[in-house]
2 protein chains.
Amino acid sequence: MTSSTLVPVFAALGDETRWSILAALGEGDASASALSGRLPVTRQAIAKHLSVLQEVGLVDSVRVGRELRYRVIGAQLSETARRLDRIGDEWERRLAAIKRVAEAL
Amino acid sequence: MTSSTLVPVFAALGDETRWSILAALGEGDASASALSGRLPVTRQAIAKHLSVLQEVGLVDSVRVGRELRYRVIGAQLSETARRLDRIGDEWERRLAAIKRVAEAL
DNA sequence: GATTGATGCAACTGTATGGTTGCAGCAATC
DNA sequence: GATTGCTGCAACCATACAGTTGCATCAATC
């Protein structure tokens, strides 16, 4: 799980509307229709966003009667943060090494 | 510093080509022209990517003679990771609280 | 000063995508 | 069984954007 490639996750997180959806879901699980009452976009637009969020594992859905209720998966955010942090460290290390070599000349 | 809003940073990180540019820069600082020799895209395309990377503070540039040399700022990645991690924690906490409330019913 | 190799700017193309409207389908309730 | 309200699908529009080509510019070198 959470084995999704990193880049699509970032792409999903690179949209303001998607963040407001995530924020709204942070208040509690909700369906696309419910969300459309709180956000200034159509239910269908929200549904599309939810599907991309779900594809990258940032969101989860459960059928409750005739409605599809979505919920944020906070763990995926944490996982992404961890991976990004490792990459940042890696870069710092490499750049420090390069700097040392450069200064040794 | 590194006070850039989060979303544009994610948008910048949500592109494969940009990651390959970052990866190439990880091998050492380089100019757009130099990078175009190693990547399957035009110098101009790379220049555009570098400008968006620079706008969100992921990359830095120094003029060296007649060339503009770019360098990765690993710290910005780490900072982004930290902020994302905090958000993830926040969500986990809130969701846990909601779950407790729901189970108490 | 001419040449060379780098950047900068502008216009253009194709495609992805955020957003919309409209309608069909389907489950729950009355 | 009719109504109500939510989901799902499809077509469509506008804009953003990754990428290209072409040309101007400008600094370093010969």
Side-chain angles (χ1 to χ4, degrees), chain A residues 4-25 27-73 80, chain B residues 4-25 27-73 102:
Chain A
S4 44
T5 37
L6 212 48
V7 180
V9 179
F10 288 127
L13 291 176
D15 182 277
E16 299 278 1
T17 304
R18 234 120 56 191
W19 275 98
S20 51
I21 290 177
L22 289 175
L25 284 181
E27 311 287 326
D29 303 356
S31 68
S33 299
L35 289 173
S36 71
R38 293 204 275 157
L39 298 177
V41 283
T42 319
R43 187 210 93 215
Q44 285 83 344
I46 294 180
K48 283 188 193 177
H49 284 305
L50 284 171
S51 94
V52 352
L53 287 173
Q54 188 163 29
E55 265 173 16
V56 301
L58 283 169
V59 126
D60 198 358
S61 69
V62 191
R63 185 123 238 155
V64 177
R66 66 183 156 188
E67 73 178 341
L68 238 197
R69 196 160 291 171
Y70 288 85
R71 135 188 90 183
V72 180
I73 304 181
T80 302
Chain B
S4 41
T5 36
L6 212 48
V7 180
V9 179
F10 288 127
L13 291 176
D15 182 278
E16 298 278 3
T17 303
R18 233 117 60 189
W19 275 97
S20 51
I21 289 177
L22 289 175
L25 284 181
E27 310 287 326
D29 304 354
S31 67
S33 299
L35 289 173
S36 72
R38 293 206 272 157
L39 298 177
V41 283
T42 318
R43 186 209 93 217
Q44 284 84 343
I46 293 180
K48 284 189 193 174
H49 284 304
L50 284 172
S51 94
V52 352
L53 288 173
Q54 187 163 31
E55 265 172 18
V56 299
L58 283 169
V59 125
D60 198 359
S61 69
V62 192
R63 185 124 238 151
V64 178
R66 66 182 157 189
E67 74 178 341
L68 239 197
R69 196 160 292 171
Y70 288 85
R71 136 187 88 184
V72 180
I73 304 181

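Convention: sequence-line order gives letters A, B, ...; per-chain numbering from 1. Just so it is clear, the structure is predicted and the values come from calculations on it, not from any experiment.
- Distance, A:L50 CG to D:dT7 P: 10 Å, rounded to whole Å.
- Look at A:S33 and you won't find any side-chain N or O under 4.0 angstrom from OP1 or OP2 of D:dG5.
- A 4.5 Å side-chain heavy-atom check between B:D60 and B:Y70 finds every atom pair outside the cut-off.
- Residues from residues 61-70 of chain A lying near DNA chain D, meaning a heavy-atom separation below 4.0 Å, are A:R63, A:R66, A:E67, A:L68 in numerical order.
- In the set C:dG19, D:dT7, D:dT20, the nucleotide with an atom closest to the side chain of A:K48 is C:dG19.
- For the segment residues 10-25 of chain A, no residue has any heavy atom less than 4.0 angstrom from an atom of DNA chain D.
- Along DNA chain C, the nucleotide nearest A:I46 and the nucleotide nearest B:Q44 are compared for position; the residue whose nucleotide lies closer to the 5' end is B:Q44.
- One atom, CG of A:L39, and another, C1' of C:dT20, lie 16 Å apart when rounded to the nearest Å.
- Listed nucleotides D:dT7, C:dG19, D:dA18 differ in distance to B:H49; the shortest reach to its side chain belongs to D:dA18.
- With respect to the salt-bridge test (charged N to carboxylate O, under 4.0 angstrom), the residues B:D29 and B:R69 do not qualify.
- The phosphate of C:dG19 has neither OP1 nor OP2 within less than 4.0 Å of any side-chain N or O from A:T42.
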Contacts table for residues 34-52 of chain A: side-chain donor-acceptor under 3.5 angstrom, sequence neighbours left out:
from	atom 1	to	atom 2	distance (Å)
A:S36	OG	A:S33	O	2.6
A:R38	NH2	A:A24	O	3.1
A:H49	ND1	A:R18	NH1	3.1
A:S51	OG	A:K48	O	3.0

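- Within 4.0 Å of A:A47, counting heavy atoms only, lies no atom of the nucleic acid at all.
- Protein atom CG of A:L35 is 9 Å distant from nucleotide atom P of D:dT7, rounded to whole Å.
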